[in-house]
Amino acid sequence: MATEALPETIPIGKGITMTFLRNQSYLTRVEIGDGPGDDVLVVPLHWHETHDEYIHILEGQLEITLGSHVKIYDHNDGPVCIRKGVVHGIKSIRGVRCIAEERTEPMDEQKEILFRNLMGSGKQATNVFEAMQAFYYGDIMPVFPIHVAWLERMFVSVVGNFLAPMLGYKRKIESLKRA
């Protein structure tokens, strides 16, 4: 699929959108509504093996878990730095409008490809094979109830890189390169 055919903004839940900010200092902008029927954004605990992540809250608040520490962040906190290997999760606050931007270091197209494969249907993927395949190529490792990094890495590799393709699953988007 050529980049021109991909929408700049995608819905990722009711009242939640993600905009891809190509050629800017941040990769994505997430806008979370404050309406009574709007979803709460929940990014479950996970970690990254190869990149650091930075989240900058422009408006509103987000509850961010870093390791075992949970804190509500707002624009006064500046960019929140999440180093590779650190377990983290994100949750919006119901009824609080929020706008946040995210970038990674190193910055590459993999994060956009991950988000488009994981949430391109308008909500987070719930099929474990699709999700783990997106995780495998997108540098995301889930956190099990007892956090064991090698086991989490092995799970993503076996399910995302071996079982999913064997069962016929294929990433919808593999590259952002123009055709």
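- We find the CG-CD1 distance between D52 and I82 to be 9.5 Å, quoted to the nearest 0.5 Å.
- Remark: the Y137 side chain and the N117 side chain contain no N/O donor-acceptor pair separated by less than 3.5 Å.
- D139 places a side-chain N or O within 3.5 Å of a backbone atom of T50 that can act as its donor or acceptor partner.
- Linking ILVMFWY residues whenever their side-chain heavy atoms come closer than 4.5 Å, directly or via other members, places F20 and M119 in the same cluster.
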Can I get a per-line list of side-chain donor-acceptor pairs under 3.5 Å for residues 31-39, giving both atom names and the distance, sequence neighbours left out?
unit_1, atom_1, unit_2, atom_2, d
D38, OD2, D34, N, 3.3
D38, OD2, G35, N, 2.8
D39, OD2, K14, N, 2.8

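- The hydrophobic clustering, which links ILVMFWY residues whose side-chain heavy atoms are closer than 4.5 Å, places L163 and L118 together.
- Looking only at side-chain heavy atoms (C-beta outward), S92 and L62 come within less than 4.5 Å of each other.
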Would L45 and T65 satisfy side-chain contact (heavy atoms from CB on, under 4.5 Å), going step by step from the backbone distance to the final call?
-> CA-CA 8 Å; L45 291 176; T65 301; 3.9 Å; yes
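- Linking Ile, Leu, Val, Met, Phe, Trp and Tyr residues whenever their side-chain heavy atoms come within less than 4.5 Å places M141 and V143 in a single cluster.
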Counting only pairs under 3.5 Å, give me each side-chain donor-acceptor contact of residues 149-157, with atom names and distances, residues two or more places apart or in other chains.
unit_1, atom_1, unit_2, atom_2, d
E152, OE1, W47, NE1, 2.7
E152, OE1, H147, ND1, 2.8
E152, OE2, F144, N, 2.9
E152, OE2, H147, ND1, 3.0
E152, OE2, V148, N, 3.4
R153, NE, E49, OE2, 2.5
R153, NH2, E49, OE2, 3.3
S157, OG, R153, O, 3.1

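- Here the closest heavy-atom approach between residue I55 and residue A100 is recorded as CG2-CB, 4.3 Å.
- Within the structure, ring-ring contact (aromatic ring centres under 6.0 Å, His included) contacts touching residues 86-117 (residues at least two apart or in different chains) are H46-H88, H48-H88.
- Ion pairing between a basic and an acidic side chain is recognised when a charged N comes within 4.0 Å of a carboxylate O; R103 and E101 show no such pairing.
- Hydrophobic cluster membership is shared by Y136 and V43, with clusters built from Ile, Leu, Val, Met, Phe, Trp and Tyr side chains linked at under 4.5 angstrom.
- Under the 4.0 Å criterion applied to side-chain N and carboxylate O atoms, D77 and K71 are assigned as salt-bridge partners.
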